[in-house]
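See structure below.
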Amino acid sequence: MERFLEESGECLQKEKRESPSPVLPPLEGAVEGGVVLRFAPGPSGPLHLGHSRAAILNDEYAKLYQGRFILRLEDTNPRRIDPDAYDMILEDLLWLGVEVHKMYIQSERMEIYYQVARELIGRGAAYVCTCPAEEWRKLKLKGTPCPHRERPVEVQMEEWEKMLEGVYCENEATLVVKTDLTHPNPAVRDFPALRIVDVPHPRVGDRYRVYPLYNFSVAVDDHLMGCTHILRGKDHLNNTLRQEYVYKHMGWPLPIFIHYGLVSIPDVQLKTSTIREEIEKGNYSGWDDVRLGTLRALKRRGFRPEAIRQFWVEVGVKPVDITVSFQNLYSINRTLIDDVANRYFFVERPKEAFLYHDRPLRSTAPLHPQHLERGRREYYLKPSPLPGGEGSVIYLSGRTVDTLIPPTIFRLKDLTNAELVGEERGIIYLKALPGDAQGMRGKIYEWCPPNSLPMTIYMPDGEVKRGLVEPLIEKEMGEVVQFERFGFARIERSEGGLIGYFTHP
RNA sequence: GCUCCCGUAGUGUAGCGGCCAAUCAUGCGGGCCUUUCGAGCCUGCGACCCGGGUUCAAAUCCCGGCGGGAGCACCA
């Protein structure tokens, strides 16, 4: 609690924001120092924005009550595991600022699941079913028990051992948890707990053939790991109902289940399997391709993890379904980076321009208008008067040039007022005018000096913008800058030259 | 088909029977400031899904309708 308030206080100072940082509502039944929460992703790929909600919320409550946060990697389906995901998830959480107190990997806990399975069988709460899956499903829908359901415990136990020993092949046998076949909600009736998978596991190889299914392993682990609160999305509502049967069969006390609403995130690709395919096909550069909604993509674009955290805290834990507004996320991130991002000009679709001026011109734009102490971007243009001179070369964006119609007078920001005097074969000619920017509102254009560098900016919608940037950008590798009148971007260097990843407007 | 969840401005959020002709943020419009279309300041726009009930009083409780979403996997 104290730490949380401290952080909020710091933020307030740093951001100069008057509205207080949002705070999560109290957690039902939470005791200071006594809550255990967990985040349990499947290691099929790195985390994306959707995952981050569960991670952040659980972490926030763990911190709020000085409790514990457990990370549990749910790798019980050998077919859907990306061996790299274990590390990627950990990296993503580290970046998010999530404090992991303890990490478990389910594939290392197989014996525990087997033990609970036996216990369940012993209590008459589970049965080995050898029906074809479809048939079993049909019977369930009708509320009819399958032929194997009511056999005596000893037979079930024998069958179970046969499953383990390899008598059955994949799809031939499964251990099913009994619930209530007549339950009005078909989603709650008997559900499979463990099944046979004849594929080597990336971590434990072929040591096991029988793997637990989600609802079983989750219930077992949540209990054994001492979770006090299960905070997860509403899509698990029916899973909770099923998992409660395991608790009841085993005589375990129920944790407090909290379900927040479903999140829909528009306009970005989040589906791990699709992303993987597209990466393999070469359509995405990697998991951090800035068109993606992965956390590493957001990181690459220059998002602050605190922005994502604040965003989810603001959204809260209501059971209402929400649609993520990137506008809102952008706004939060903007308040975080506006202060640190230095300002530069990016000239898109550059057009050469010759500027005639009698006197030397000096441009001394601040790196940041609110932080003059950071220094200035200084450029000097030697005099090059109209009669006789060749003109100083500068660059204007094509966007700007398209709107210029002689005799237009406008302002080259931080340099001089200018007048368009002519255009020939795509090259434009300008004459410097005395005066300052007064009255130039709406006609202020960015420009670039002659020694500017080419840069490619990748937009999140896939658009690629090419242009020039001021040479001083060299000092900003890895940093987020603001290209005035264009937006924020994070700067990198690649073999091909300078690259900007657009953050947001 | 069955079951469950949800329904406050474009988006997110506060409110949980009277102080609500409804909070804050974001967005959009206008103004100020500024040599940025950023930041800051001022200001305007914009919502309780509908219909019944309960009550002196309902965004808040109950019922029905409508709308949205999820689940019914030998995925997690």
Side-chain angles (χ1 to χ4, degrees), chain A residues 15-20 22 25 40-44 74-77 79-81 106 129 131-134 136-137 140-141 143 170-176 183-189 191-197 210-215 217-218 233-242 259 261-262 264 266 272-273 311-316 318-332 334-335 337-339 341 343-345 363 365-366 368-370 411-417 435-446 482-488 505:
Chain A
E15 297 160 31
K16 298 178 208 153
R17 293 188 90 195
E18 284 182 20
S19 52
S44 56
E74 310 211 316
D75 57 346
T76 57
N77 183 355
R79 287 198 171 85
R80 287 210 201 173
I81 295 172
Q106 287 192 321
C129 175
C131 297
E134 252 179 66
W136 178 80
R137 216 177 298 138
K140 180 168 89 159
L141 241 25
E170 206 164 312
N171 299 323
E172 285 183 356
T174 162
L175 185 77
V176 180
H183 194 110
N185 184 350
V188 183
R189 299 174 194 161
F191 62 90
L194 296 103
R195 86 313 204 171
I196 297 163
V197 184
V210 177
Y211 288 89
L213 266 342
Y214 178 76
N215 281 295
S217 56
V218 162
K234 231 166 59 171
D235 45 331
H236 289 290
L237 237 22
N238 283 320
N239 288 327
T240 296
L241 262 20
R242 294 194 270 216
H259 301 94
L262 265 14
S264 100
T272 304
S273 54
F311 178 78
W312 287 128
V313 169
E314 207 169 289
V315 169
K318 293 200 305 182
V320 188
D321 299 347
I322 65 146
T323 302
V324 165
S325 159
F326 277 99
Q327 298 268 41
N328 290 358
L329 216 209
Y330 290 171
S331 162
I332 295 171
R334 189 156 40 225
T335 68
I337 62 175
D338 185 74
D339 201 59
R343 270 96 231 244
Y344 295 92
F345 289 141
S363 170
H368 193 292
Q370 273 83 47
R411 176 77 189 176
L412 293 168
K413 189 170 182 291
D414 303 311
L415 183 69
T416 178
N417 291 349
D436 57 19
Q438 295 304 332
M440 286 298 142
R441 186 167 326 236
K443 296 180 193 166
I444 298 174
Y445 297 122
E446 65 276 21
Q482 187 201 87
F483 290 124
E484 293 189 31
R485 333 171 111 237
F486 181 81
F488 294 87

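So that the names make sense, note that chain A is the first sequence line, chain B the second, and so on, each numbered from 1.
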[X] side chain N/O closer than 4.0 Å to the phosphate oxygens (OP1, OP2) of [N]?
| X | N | answer |
| --- | --- | --- |
| A:R334 | B:G27 | yes |
| A:T76 | B:A76 | yes |
| A:R137 | B:A73 | yes |
| A:R195 | B:C75 | yes |

With distance as the sole test, does A:T174 use its side chain to make a donor-acceptor pair with the main-chain N or O of A:R195 at under 3.5 Å?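 Pair absent, no side-chain N/O of A:T174 close to backbone of A:R195.
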Can you check whether A:Y445's main-chain N or O pairs, donor with acceptor, with A:R485's side chain at less than 3.5 Å?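 Here the side-chain-to-backbone pair does not exist.
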For [N] versus [M], give the span between their [atom1] atoms, rounded off to a whole number of Å.
| N | M | atom1 | value |
| --- | --- | --- | --- |
| B:G46 | B:U13 | C1' | 15 Å |
| B:A59 | B:C20 | C1' | 9 Å |
| B:C61 | B:G15 | C1' | 15 Å |
| B:G65 | B:U3 | P | 13 Å |
| B:C37 | B:C24 | C1' | 26 Å |
| B:A25 | B:A57 | P | 35 Å |
| B:A22 | B:G10 | P | 16 Å |
| B:G31 | B:G18 | P | 41 Å |

Nucleotide opposite [N] in a Watson-Crick or G-U pair, distances under 3.5 Å:
| N | answer |
| --- | --- |
| B:C28 | B:G44 |
| B:U34 | none |
| B:C4 | B:G69 |
| B:G64 | B:C50 |

Could you tell me how far apart [X] ([atom1]) and [N] ([atom2]) are, to the nearest whole angstrom?
| X | N | atom1 | atom2 | result |
| --- | --- | --- | --- | --- |
| A:N171 | B:A73 | CG | C1' | 12 Å |
| A:I81 | B:A76 | CD1 | C1' | 11 Å |
| A:L141 | B:G71 | CG | P | 16 Å |
| A:I332 | B:U26 | CD1 | P | 10 Å |
| A:Q106 | B:A76 | CD | P | 8 Å |
| A:R242 | B:C4 | CZ | P | 15 Å |
| A:Y445 | B:U35 | OH | C1' | 14 Å |
| A:L329 | B:G27 | CG | P | 12 Å |

Mapping A:E170 and A:T323 to their closest nucleotides on RNA chain B, which lands nearer the 5' end?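 Whichever sits nearer the 5' end wins; that is A:T323.
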Comparing A:D414 and A:N238 on RNA chain B - which has the more 5′ nearest nucleotide: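 Closest to the 5' end, via its nearest nucleotide, is A:D414.
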What is the ring orientation for A:F326 with A:Y330, classed by angle as parallel under 30°, tilted 30 to 60°, or perpendicular over 60°?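 The arrangement is tilted - the two ring planes meet at 30° to 60°.
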How far apart are the closest heavy atoms of A:P505 and A:F488, and which atoms are they?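 What the structure gives for the nearest pair is O-CD1, 3.9 Å.
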Over all heavy atoms of both residues, which pair between A:R343 and A:E484 is shortest? Give the atoms and the distance, please.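 So the minimum-distance heavy-atom pair works out to CB-OE2, 3.4 Å.
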Within the structure shown, what part of the strands sits under 4.0 Å from [X] by heavy-atom distance: base, sugar-phosphate, or nothing?
| X | value |
| --- | --- |
| A:H259 | nothing |
| A:F311 | nothing |
| A:P43 | nothing |
| A:N77 | sugar-phosphate |
| A:P369 | base |

Does the base of B:U36 carry an N or O that pairs as donor and acceptor with the side chain of A:Q482 under 3.5 Å?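 Check passes, donor-acceptor contact within cut-off.
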Can you name the atoms? Protein N/O to nucleotides 14-16 of chain B N/O, anything below 3.5 Å, with the distance.
{"from": "B:A14", "atom 1": "OP2", "to": "A:K318", "atom 2": "NZ", "distance (Å)": "3.2"}

Is there a side-chain contact between A:S264 and A:D321, using heavy atoms and a 4.5 Å cut-off?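 Side-chain contact under 4.5 Å: no.
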As a test of understanding, state which of A:P212, A:P43, A:S217 forms a side-chain contact (heavy atoms from CB on, under 4.5 Å) with A:Q106.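 For A:Q106, the side-chain contact (heavy atoms from CB on, under 4.5 Å) check succeeds only for A:S217.
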Treating primed atoms plus P, OP1 and OP2 as sugar-phosphate and everything else as base, which nucleotides of nucleotides 59-69 of chain B get B, S or - for protein heavy atoms under 4.0 Å? ---------BS
